[in-house]
Amino acid sequence: MPYSNADDARSCSRCPWVRTPVGRCDACGDYLREECGLFGVYGHPEAAALTYLGLYALQHRGQEGAGIVSSDEGNLNAHRGVGLVSDVFKPHRLQRLRGDRAIGHVRYSTFGTSVLKNVQPLPADYSRGSMALAHNGNLVNAATVRDKLEEEGSIFQSTTDSEVIIHLAARSKKDRFVECLADALSQVVGAYSLLATDGDEIVAVRDPMGFRPLWLGRLGGAHIFASETCALDIIDAEWVREIEPGEFVVASKDGLESFKPFPKVPHRYCIFELVYLARPDSVLFGVSVDKVRKQLGRNLARTAPVEADLVMAVPDSSNPAALGYAHESGFPFDMGYIRNHYVGRTFIEPDQRIRDFGVKIKLNPVRSAIEGKRIVLVDDSIVRGTTSRKIIKMLRRCGAKEVHFRVSCPPIIASCFYGIDTPHRDKLIASQHTVEEIREYIGVDTLAYQTIDGLIAATGLTKDHFCLACFTNDYPTALPSDFDVRGQGRRHVDTSMEPYDTSVGLPVVTE
Ligand code: SF4
């Protein structure tokens with residue numbers, strides 16, 4: 001069985017109707033997940049309410065926890081909780097978050113449960129007052145730094161890598177808060193876009209390689225910070241510019257200041273933000289996400305053409321790529337799957353016998369659109385392949401004559417260590433199998449992936465702007481020698497639930 005029914009199993013952290021002892025079910029383990037979204041406001045009397053709206057627009061970047069820390073005359077007020085933004089914040093909670101500055105965070109937990117102590121922004125008191133920090137990304141040397149700090153007597157409150165930044169900043173002997181932060185960040189390696197406040201200032205930082213996005217906006221006289229432009233749009237804020245890689249932007253009573261304390265290094269934007277993670281109505285790294293995804297679909301129509309009656313997407317994130325394929329090929333686009341957008345965390349668990357219905361609760365095929373058709377099905381990625389296999393089986397059951405699968409990114413062969421939750425590489429189907437073996441396993445007539453050159457070309461930027469490690473296994477930072485052991489334990493737990501059929505090395509799917 002793909003899901004454990006053991007008595008000690010609990011609900012999947014995203015699909016409460018599925019029981020699993022590891023916190024994430026089969027369907028959720030078969031997608032890459034963004035870990036966090038950031039939003040901040042400096043200089044607006046309704047800072048917390050605006051931050052709430054911004055986090056709402058960033059909900060796709062993390063659904064397991066949300067928090068806001070506001071500053072009222074330098075005193076920090078925090079409210080954090082497990083769940084969706086709308087679950088965590090109620091009007092009376094927001095009213096208590098007084099002050100004209102606030103930072104907020106949405107989080108997707110990468111291991112175990114999203115316990116409250118890990119929900120950000122992380123607040124802390126130290127010898128010079130209070131601070132709070134919200135972090136998007138992952139530090140590859142966090143375990144090493146943490147061990148050293150713990151040996152020297154530090155006591156950690158959470159299990160997040162982000163807390164090491166707080167400890168390092170608190171120990172810094174520099175004068176200004178922004179300098180303490182720079183001192184701390186000079187000791188860590190990896191991906192970080194972050195917002196931090198000491199109650200007086202808000203500091204927005206992007207790591208020198210610029211893995212994760214971070215925008216600066218303006219609303220009247222207020223300065224706004226957001227992971228994506230869709231969050232600026234929701235409050236009608238003006239897009240000012242992206243915070244540059246390696247840049248520290250400080251919002252204070254004196255206005256905005258910009259620092260670049262670290263040596264310049266080549267940029268390494270996470271290309272997966274453009275392929276899958278960000279909202280299509282956002283602009284990141286200077287390019288429109290929607291435009292890139294449509295171009296990825298056009299590329300596939302040119303490099304992997306096939307005669308078909310219909311182009312379909314695996315909704316919703318693949319819709320732009322499927323539209324691009326349809327425009328280029330001239331075949332009609334149709335909504336062959338309907339996604340249920342209303343599956344919430346309060347779903348009543350069904351009886352044990354009907355519990356194992358994984359993706360079906362989220363996606364249902366439209367039989368009248370599919371029956372007797374030769375179908376091009378576009379998806380943005382194949383991670384483990386188990387979900388692809390299931391959704392293709394649904395098409396076959398609805399009478400699809402042929403199914404041709406097109407994937408808008410190249411084969412994923414390596415895990416991400418920079419803030420995207422991926423299974424261990426042993427569970428990535430493309431790291432273990434050829435395209436032909438994958439085609440046979442997922443049950444399609446033809447299978448074609450995007451090429452790396454096609455992926456880069458779709459962005460309009462050059463290859464040297466991007467991290468491509470999950471497609472190339474060529475990581476842009478050193479990974480500490482102990483990362484596999486410590487990192488796997490703390491950040492990259494393998495949550496695959498499925499037994500492996502060792503004779504063919506492919507996951508066994510129980511229908
Ligand atoms: Fe993005 Fe992949 Fe690089 Fe991770 S390894 S930062 S997912 S491109």
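For ligands, and for the atoms within them, numbers begin at 1 and follow the listed sequence.
Distances below 4.0 Å separate heavy atoms of Ala469 from the following atoms of ligand 1: 5 (S). In the vicinity of Cys470, heavy-atom distances shorter than 4.0 Å reach the ligand 1 atoms 2 (Fe), 5 (S), 7 (S), 8 (S). Taking every heavy atom of Ile420 and a limit of under 4.0 angstrom, the matching atoms of ligand 1 come to 7 (S). Interface atoms of ligand 1 facing Cys270, defined by a heavy-atom separation under 4.0 Å, are 1 (Fe), 6 (S), 7 (S), 8 (S). Every atom of ligand 1 is numbered from 1 in the order shown, and the set under 4.0 Å from a heavy atom of Arg212 is 6 (S).
Backbone or side-chain N, O or S atoms of Cys467 do not reach atom 1 (Fe) of ligand 1 at under 2.8 Å.
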**OP:** Apply the test ring-ring contact (aromatic ring centres under 6.0 Å, His included) to residues Phe262 and Phe248: give CA-CA distance (whole Å), side-chain angles for both, the deciding distance (0.1 Å), then the verdict.
**Re:** CA-CA 10 Å; Phe262 303 139; Phe248 288 57; 5.7 Å; yes
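Between the side chains of Arg406 and Thr446, at least one donor N or O lies within less than 3.5 Å of an accepting N or O.
Between Lys294 and Glu328 no salt bridge is recorded (no basic side-chain N to carboxylate O distance below 4.0 Å).
For Phe272 and Phe471, the gap between ring centers is short of 6.0 Å.
Ring geometry for Phe285 versus Phe466: interplanar angle over 60°, hence perpendicular rather than tilted (30 to 60°).
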